[in-house]
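Only this structure's heavy atoms are used, side chains among them; waters, hydrogens and symmetry mates stay out. What you see is a predicted model; the values in this text were computed from it and never measured.
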Amino acid sequence: MGWRCCGVREPAVTMGGTDAVGAMTTAMAYCPVWGKLSASWSNGGSADSRYVLGAFGAQLKIGDNTAAGLMLQFDRIKMTDVPSVAEGKGLLAGPYVVARLPDHEITLDGRALWGKTSNDIPPLGTFTDSADGTRSLVMANVSTKVDAGDVVLRPRISVAQVHESTDAYADGGGAAVPKVTTTLDQVLAGVEVQKTVTTARGTLTLLGALDGVWTRTKSSVNGTAEGTRGRLSLGLTYDLGTNGMLSFAGFYDGLGTSDYNARGLAASYVQRF
């Protein structure tokens with residue numbers, strides 16, 4: 001449940017993912033203050049994964065179509081593969097900006113975040129190593145709107161880079177583990193199709209999207225890996241006016257590739273006061 005009032009929208013695009021078979025999302029916004037929290041999970045044999053991602057911030061309007069603010073983002077992942085349990089935590093903070101060009105139906109948003117990570121790793125299943133590090137995230141998104149008869153097309157592109165560096169440490173067996181640096185570059189481009197239907201209780205919006213995703217990972221340990229894939233998303237939003245807004249969404253990520261696939265379901269409800 002959340003709260004929402006008028007104003008420039010909060011940044012709605014976050015980077016992250018997991019091979020999840022379930023997900024839940026909740027969001028709130030009250031004028032300059034907003035927040036979003038999501039959780040996902042997966043299970044398979046003896047392996048189990050839990051992932052939580054949250055973001056909170058405050059913004060100021062700069063003119064009628066622009067807002068800028070500061071945000072705090074945190075995430076936590078716990079992976080269990082009996083008897084090993086690994087955990088990772090991250091905390092990032094920094095500025096963001098959201099802008100809209102109404103004459104051209106173009107929306108832009110971007111953010112630059114920096115912070116710390118903390119990881120607990122059981123390399124042999126007998127002891128747990130703790131390794132700290134730093135992380136940065138830079139992201140920019142551009143989308144537009146095209147009316148095509150009864151439907152609305154929303155072409156979009158997103159560019160992001162995540163850089164993480166884990167400090168060198170000595171493991172539980174006394175062996176030296178060197179510093180590890182990893183950089184993930186990602187470009188997503190595609191189009192969302194939207195159709196709105198008016199009902200007796202409110203407005204129902206049907207959504208479908210197809211995106212192409214290019215990624216490149218550079219690691220000081222494993223070298224460079226690069227790949228492309230497709231992502232299909234389907235969903236609906238039911239705006240009930242003063243009774244709130246209900247949303248459902250599902251996705252399949254991994255079209256056109258045999259070495260990666262992810263799927264998920266999400267539901268959210270926003271209550272207005």
Colleague: My understanding is that only residues two or more places apart in sequence, or in another chain, count here; which of them pass side chain to side chain donor-acceptor pair (under 3.5 Å) with S247?
Modeller: T237
Colleague: Do you know which two heavy atoms are closest between F74 and L37, and how far apart they sit?
Modeller: CZ-CD1, 4.1 Å
Colleague: Search all heavy atoms of L240 against all heavy atoms of R201 and return the closest pair with its distance.
Modeller: CD2-O, 3.8 Å
Colleague: Would you kindly say whether T183 and H163 are connected by a side-chain donor-acceptor distance under 3.5 Å?
Modeller: yes
Colleague: Applying salt bridge (Lys or Arg N to Asp or Glu O under 4.0 Å), which residue pairs with at least one partner in residues 240-258 are found, sequence neighbours left out?
Modeller: R229-D253, R231-D253
Colleague: Got a sec, which pairs hit salt bridge (Lys or Arg N to Asp or Glu O under 4.0 Å) with one end in residues 213-227, sequence neighbours left out?
Modeller: D185-R216
Colleague: Let me know which of V138, L92, V162 forms a side-chain contact (heavy atoms from CB on, under 4.5 Å) with L113.
Modeller: L92
Colleague: Could you tell me which residues satisfy side chain to side chain donor-acceptor pair (under 3.5 Å) with D167, sequence neighbours excluded, listed by chain and number?
Modeller: none
Colleague: Among residues at least two apart in sequence or on other chains, which ones pass side-chain contact (heavy atoms from CB on, under 4.5 Å) with L70?
Modeller: P95
Colleague: Output the rest of the hydrophobic cluster of V221: all Ile, Leu, Val, Met, Phe, Trp and Tyr residues reachable through side-chain heavy-atom contacts under 4.5 Å, sorted by chain and number.
Modeller: V180
Colleague: Just jot down the salt bridge (charged side-chain N to carboxylate O under 4.0 Å, His left out) partners of R135, sequence neighbours excluded, or say none.
Modeller: D75, E164
Colleague: Donor-acceptor pairs under 3.5 angstrom involving side-chain atoms of residues 145-157: please list them, not counting sequence neighbours.
Modeller:
{"residue": "R154", "atom": "NE", "partner": "Q194", "partner atom": "OE1", "Å": "3.1"}
{"residue": "R156", "atom": "NE", "partner": "D211", "partner atom": "OD1", "Å": "3.2"}
{"residue": "R156", "atom": "NH2", "partner": "D211", "partner atom": "OD2", "Å": "2.7"}

Colleague: Residues two or more places apart in sequence or in another chain: which of them pass side-chain contact (heavy atoms from CB on, under 4.5 Å) with L206?
Modeller: L204, L236
Colleague: Report the relative orientation of the aromatic rings in W34 and Y96; use parallel for angles under 30°, tilted for 30 to 60°, perpendicular for over 60°.
Modeller: perpendicular
Colleague: Which pair of heavy atoms, one from K89 and one from N119, lies closest together, and at what distance?
Modeller: N-OD1, 4.5 Å
Colleague: Linking directly or through intermediates, with side-chain heavy atoms under 4.5 Å: list the remaining ILVMFWY members grouped with Y252, chain and number order.
Modeller: L210, L232, L255
Colleague: Taking all non-hydrogen atoms of both residues, which atom of A68 and which atom of I62 are closest, and how far apart?
Modeller: CB-CD1, 3.7 Å
Colleague: How would you list, by chain and number, every residue that makes a side chain to side chain donor-acceptor pair (under 3.5 Å) with S219, sequence neighbours excluded?
Modeller: none
Colleague: Dump the intermediate steps for side chain to side chain contact (heavy atoms under 4.5 Å, CB included) on R100 and E105, then the final yes or no.
Modeller: CA-CA 7 Å; R100 182 171 177 266; E105 292 290 354; 3.4 Å; yes
Colleague: Which residues pass the side chain to side chain donor-acceptor pair (under 3.5 Å) test with S165, not counting sequence neighbours?
Modeller: none
